[in-house]
Amino acid sequence: MHKVFTLLTILSVVFSYGQLSFQDSATLKGVGYTYGSSFFGGGVSFCDFNNDGWDDLTYSTTNGEQLKFFQNNNGIFTEVDLGIVNDQRVKQVLWVDYDNDGDKDLMATSISGFNRYYRNEGGLTFTDVTSTIGFFTSNLFTYGISFGDIDNDGHLDAFISNRDQTNSNQHNYLYRNNGNGTFTDTTVSAGINLDSELTFCSVFFDYDNDGDQDIYVANDRPENGNRLYQNNGNGVFTDVSFTSGAGVYINAMSTTIGDYDNDGWFDIYVTNTTAGNYLLRNNGNGVFSNVSPSVGTEMNSIAWGSVFLDADNDNDLDLYVSSMIEAGSNMLPSAFYENDGSNNFSIPSGIGFANDNRVSYANAIGDFNNDGLSDIVVMNDTENYFLWENTTTNTNNYLKVKLEGTLSNKDGIGSKIEVASNGSSQFRYTLCGEGYISQNSNTEIIGLGADTFADYVKVTWPSGTIDILTNVAVNQTLNIIEGSTLSTDSLDQMVKFSIHPNPTNGVVMIKSLKSDLNLTIFNILGKQLVNKTITTTKNKVDISNYPKGVYLFSTKDEAGNLTTKKVVLQ
């Protein structure tokens, strides 16, 4: 009976979701380029650098070559000259609005000279601010740079990763954004390790769901364990690498973040050599477990860039990994791992990656033709780059979410996005600098499978603001401005009270009451569920017996003033 059920399930998946498919469209779309012989590759960015709603591409370049900027014009790329002169051996190219003025600035790290930073003055006119921004200006062989807001003050801070294998004397740096276009070195006071650890890259994310951003660092060579720095909330970090289990001692190349099992706790994928890649599952208790051997994502090759994506929009995250191994070896030159829906992965055949066998390093995702399917760009060493256009044919639905902060940083970096549909939730975390010295699109894609609407889309911003949209139509891009839905409060708020906790697991307290209130609770369809009187002493409400979703708490005071608030049951 079990075998029959499994077969029927597989057939259902095939007929419902169609066929995964990718094709290399780099030359066709105008982004064909060959880096040339590199030293552990160069970075790629799939960020929309001119904010026109179309994901652009930026390539790092080797000595003597100028950076490559490909502007996306309705799905076709054109190389453009942005007036930026930089012919060093650049590692990471990253776009970030570090000064919160509404346009993207450019960061370019290098191992053949000093790093260079360019402020966008508007209209893609740039000023070189390398000497005034506050970062170090000597050549420390920098690979990666990433941004996050460590103190939730609305200004993005920076972590710079250095890897000088020859001198072995270059540590990493943490800089705090002063809010005036400059940064201050807080490496020592923040508790960042001052040893040389051959670091490739880092990422800011909230691993413990406490509302502030922690830092994960990928270090090369087994003698240099990866670092996980827990944010104490006061500008100081605690090194929890050992106690968390995330401080693995491997040849680590990447810091890829995603919630592959949709439990609300963000996991880490770290690439490695033939000893196998690590999928560090976040157990939700401060500890990570390597589940890669059991779920099928070890790869056992010479892996570099990796990225989570829901390639077929079927409600779960798949995984793509690049390798420097060429065709003809018994090791994998690349791997696309499909999530089977139960958080196990396998490599499907016949989906278009047959010639994905070049010397590859960095990769990143975006949606260059705005069809709701994630595409992949791959940096190749001496052969043409790949632009893996996602040509999957299915009827699955999706939502795209683009954020704009007001109290938080303008790019909304460090926000947690939850999309609920049909009784289950998916989670995304907005990052700036991730994978292997790469940058994904600022627009998140969430696959919804056959669901025809999302029950709600909830954004928890670094500031603590919570925006919730309910009954959201699928197959659209949501441009969400922080505070635009007035968090969980409705526009007609007149009665002053608060609801805690919100979101809730079932029991909430009605607080800050000045008088007794009549409370009526409706589900999102308007059906009345509860009608009771709330007092200062009898102010507890239990909705744990109802399905997960959004509920409307409507109150009326003695003067007849009406207030409705949204409460999320999760």
Side-chain angles (χ1 to χ4, degrees), residues 92 94-100 105 107 109 115 117 133-136 142 144-162 171-194 197 199 201-219 226-241 243-244 246-247 255 257 265-266 268 282 286 403 405-417 428-434 439 442 459-465 482:
Q92 183 151 19
L94 184 143
W95 293 93
V96 56
D97 188 359
Y98 78 92
D99 53 3
N100 282 338
D105 312 295
M107 310 285 145
T109 68
N115 307 325
Y117 312 101
I133 196 171
F135 297 148
F136 62 79
T142 300
I145 185 169
S146 62
F147 285 81
D149 187 355
I150 62 173
D151 48 9
N152 292 339
D153 66 349
H155 303 288
L156 287 171
D157 312 299
F159 192 95
I160 301 179
S161 303
N162 298 315
H171 63 77
N172 302 320
Y173 286 80
L174 176 65
Y175 288 91
R176 184 182 182 276
N177 191 328
N178 300 319
N180 61 0
T182 67
F183 292 79
T184 297
D185 182 359
T186 60
T187 308
V188 174
S189 62
I192 304 303
N193 188 282
L194 298 180
E197 298 184 303
T199 303
C201 49
S202 66
V203 66
F204 290 80
F205 80 113
D206 186 3
Y207 88 93
D208 50 4
N209 281 341
D210 65 350
D212 52 36
Q213 292 194 274
D214 313 295
I215 304 173
Y216 189 66
V217 182
N219 295 325
N226 286 6
R227 298 274 181 183
L228 177 59
Y229 294 104
Q230 184 181 40
N231 193 333
N232 298 337
N234 58 357
V236 179
F237 291 79
T238 298
D239 187 340
V240 295
S241 308
T243 57
S244 69
T255 53
I257 304 299
W265 298 89
F266 290 96
I268 312 170
N282 190 333
L403 303 181
T406 52
L407 294 174
S408 303
N409 64 86
K410 197 75 169 179
D411 286 342
I413 302 303
S415 300
K416 185 176 182 179
I417 301 170
R428 300 289 189 273
Y429 196 86
T430 52
L431 306 167
C432 187
E434 56 201 287
Q439 180 178 27
N442 286 149
V459 181
T460 303
W461 302 80
S463 68
T465 299
E482 183 178 10

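Using modelled atom types, no side-chain atom of Asn172 and backbone atom of Ile192 make a donor-acceptor pair closer than 3.5 Å. Put simply, the side chain of Thr430 gets close to the backbone of Gly414: a donor and an acceptor are under 3.5 Å apart. Asp239 places a side-chain N or O within 3.5 Å of a backbone atom of Ser241 that can act as its donor or acceptor partner. The closest donor-acceptor contact from the side chain of Asn178 to the backbone of Asn180 lies at 3.5 Å or more, if one exists at all. Under the 3.5 Å distance criterion, the side-chain polar atoms of Thr109 are matched with a main-chain donor or acceptor of Gln92. Looking at Ser408, its side chain never comes within 3.5 Å of a backbone N or O of Trp461 through a donor-acceptor pair. One N or O on the side chain of Asp214 and one on the backbone of Tyr207 form a donor-acceptor pair closer than 3.5 Å. At distances below 3.5 Å, not a single donor-acceptor pair connects side-chain atoms of Asn226 with backbone N or O atoms of Ala218. The backbone N or O of Gln230 sits nowhere less than 3.5 Å from a side-chain atom of Thr238 that would complete a donor-acceptor pair. The main-chain N or O of Asp149 is found under 3.5 Å from a side-chain atom of Gln213 such that the two form a donor-acceptor pair.
When all heavy atoms are compared, the tightest approach of Gly412 to Leu403 is O-CD1, 4.0 Å.
Side-chain contact between Glu434 and Ile257 is absent, with no heavy-atom pair separated by less than 4.5 Å. Put simply, the side chain of His155 reaches to within 4.5 Å of the side chain of Asn100, judged on heavy atoms. Looking at heavy atoms from C-beta onward, Tyr173 lies in side-chain contact with Asn162 at the 4.5 angstrom threshold. With contacts defined as side-chain heavy-atom distances shorter than 4.5 Å, the pair Ser415/Pro462 qualifies. Asn115 places none of its side-chain heavy atoms less than 4.5 Å from the side chain of Ile145. Annotation: side chain of Ile413 is not in contact with side chain of Phe204 (no heavy-atom distance under 4.5 Å).
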Tyr429 and Phe266: ring pair (Phe, Tyr, Trp, His ring centres under 6.0 Å), yes or no, with the steps? CA-CA 8 Å; Tyr429 196 86; Phe266 290 96; 5.4 Å; yes
Apply the test salt bridge (charged side-chain N to carboxylate O under 4.0 Å, His left out) to residues Lys416 and Asp206: give CA-CA distance (whole Å), side-chain angles for both, the deciding distance (0.1 Å), then the verdict. CA-CA 9 Å; Lys416 185 176 182 179; Asp206 186 3; over 6 Å; no
Starting from the C-alpha separation in whole Å, work towards a yes-or-no answer on ring pair (Phe, Tyr, Trp, His ring centres under 6.0 Å) for Tyr175 and Phe135. CA-CA 8 Å; Tyr175 288 91; Phe135 297 148; 4.8 Å; yes
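A perpendicular orientation is assigned to the rings of Phe237 and Tyr229, their planes being inclined by more than 60° (bins at 30° and 60°). Between Phe183 and Tyr98, the two ring planes are tilted [angle within 30° to 60°].
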